[in-house]
There are 2 protein chains.
Amino acid sequence: MAKTAVPEEQRRRRRPTKHGTVLTHELIVETALRMLREHGVQGLTARRLGLALGADASTLYRYFAGLDELTRAIADALMQRAMTGWTPGGEWRADLRDLGLRIHAAYLAHPQAAVLAASRVSGRAHEIAADEAILGVLRGAGFADPAAVRIYHVFIDQSLAFAALDAASLALPDEAREADEAVWQATYARLPSGTHPHIAATSGLLAQRMNESAYPAALDLLLSAAAAELTTRP
Amino acid sequence: MAKTAVPEEQRRRRRPTKHGTVLTHELIVETALRMLREHGVQGLTARRLGLALGADASTLYRYFAGLDELTRAIADALMQRAMTGWTPGGEWRADLRDLGLRIHAAYLAHPQAAVLAASRVSGRAHEIAADEAILGVLRGAGFADPAAVRIYHVFIDQSLAFAALDAASLALPDEAREADEAVWQATYARLPSGTHPHIAATSGLLAQRMNESAYPAALDLLLSAAAAELTTRP
DNA sequence: GGGCTTACGCCAACGTGGTTGACCTTCGCC
DNA sequence: GGCGAAGGTCAACCACGTTGGCGTAAGCCC
């Protein structure tokens, strides 16, 4: 029964695995992040992670109760990376734009973590720190509490939601990307302006945007709307 | 080798399954949607879908090359449902708000379909219709083509991204929801105002928002920002 | 030092997932 | 009546997350 995975504190004996590695929570999470970077989301499985650590997959259950908990730890490590190096400079709009892009970029490597992080309360340290920082920037800028909470909510969920979406797109094999390109050329680009005038008229612009994330544009629109709220009711 | 699944057109003979059902592409997709509604994302597997149809799982491969293609068909059916009943009334902001909420609600039942639909070019009929409609509303409202395309891009991706996120949250078992509630009470609600003043000050508002989707707020902010762009440069 | 407890590694196994190849049946057609 | 293919079933494969049992070594107490 591995349901009672031992928490980080009371660990005593470090026994090396068959191949010499000595396991820790941190090493496992870092290895998982490396696998995500190198082989995408599909490439990270309990079995392969164990193999990469020189250990058996079941050994992971001594450290994490299951994949859920591991994913949560990964999500928090990602949030940590997003936050380190970010220092608010006093201009709330620039600060939030910077942080949003950082969070989006950090989570881009792991959609499942992004989904999990946004859909569950983790209570982990770095996520709490991010929440506190965002709320601080907004309240410091002069937003009333209800508006600050509302904008905070949209800000954080939007970062994670777009990260999950964009990561899914990035994880596609080149073959699928080429297939998409072919589909686009075969359908959208050939739609007659009689039946689909708007697509036909903008197909050049659409093709340009097709392969890039909508997140930066979404972030700018969010910040614009927020700034407008702030000036109309100061 | 089921790689060459027969397309919808040239089908001739309809042989009933063991239990009498006669399969079609539409029946399979509808059954899949019903399973999604009743048992969530986890409840939809090729094996169970086959069982629900009174057929063997491998039979599905006669109709769809794999789960990817099936998911794509489901995504298009969802978009169809979102679009039917929507008739633009001439006020672009109200029209887009309505359509956004419809798309979000329709996709809420299937996050994987939402992710797939947004991250790949499907070329399916109803998605093209939605693209054309959204672009039409924006261009009709007076947006120049680059702005229209940019807002369209944010609009559609935002709907799907939030749907994926919110569906993941909805799919959680009650047990997980209670665990989240407990975690929240144990950590966020007890943070001292000394170290986390902003969370402490807004914890009541935060708790209120915790279990609801940020999408409506995000949609309103998007439309506000768009409206502002329209009036400043008419 | 001897024995006890405990952490923690490995192994074998289970159940379920998507997917495939081999086979059988029925239909439409010459 | 024979033929080819659409379209059904069945058995099997491999990978996944997960678990129970077992070995082993570190730390602790006497």
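Here is the naming used below: chain letters follow the sequence lines, and residue numbers restart at 1 for every chain.
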Phosphate contact (D:dG8 OP1 or OP2) by B:Y63 side-chain N/O below 4.0 Å: yes
Which whole-number value in Å describes the distance from [X] [atom1] to [N] [atom2]?
X	N	atom1	atom2	answer
A:L49	D:dC16	CG	P	12 Å
B:L51	D:dC10	CG	C1'	15 Å
B:L60	D:dG8	CG	P	10 Å
A:H25	C:dA7	NE2	P	13 Å
A:L53	C:dC8	CG	P	15 Å

Any side-chain donor-acceptor pair under 3.5 Å between B:Y215 and B:S159? yes
Could you go through the salt bridge (charged side-chain N to carboxylate O under 4.0 Å, His left out) check for A:R72 and A:D76 one step at a time? CA-CA 6 Å; A:R72 226 174 278 225; A:D76 200 56; over 6 Å; no
Heavy-atom side-chain proximity of B:I151 to B:I134 below 4.5 angstrom: no
Salt bridge (charged side-chain N to carboxylate O under 4.0 Å, His left out) against A:R81, all qualifying residues, sequence neighbours excluded: none
Distance in Å, B:R62 CZ paired with B:D56 CG, rounded so as to fall on 0.5 Å steps: 10.5 Å
What residues, two or more places apart in sequence or in another chain, satisfy side chain to side chain contact (heavy atoms under 4.5 Å, CB included) together with A:I199? A:Y188, A:L191, A:H196, A:L206, B:I128, B:D131, B:E132, B:L135
Check nucleotides 17-19 of chain C for protein N or O atoms closer than 3.5 Å to its own N or O atoms and list the pairs.
unit_1, atom_1, unit_2, atom_2, d
C:dG17, N7, B:R47, NH1, 2.9
C:dG18, OP1, B:A46, N, 3.1
C:dG18, OP2, B:A46, N, 2.8
C:dG18, OP2, B:R47, N, 3.4
C:dG18, N7, B:R47, NH1, 2.5
C:dG18, O6, B:R47, NH1, 3.0
C:dG18, O6, B:R47, NH2, 3.0
C:dT19, OP2, B:Y61, OH, 2.6
C:dT19, OP2, B:L67, N, 3.1
C:dT19, O5', B:Y61, OH, 3.0

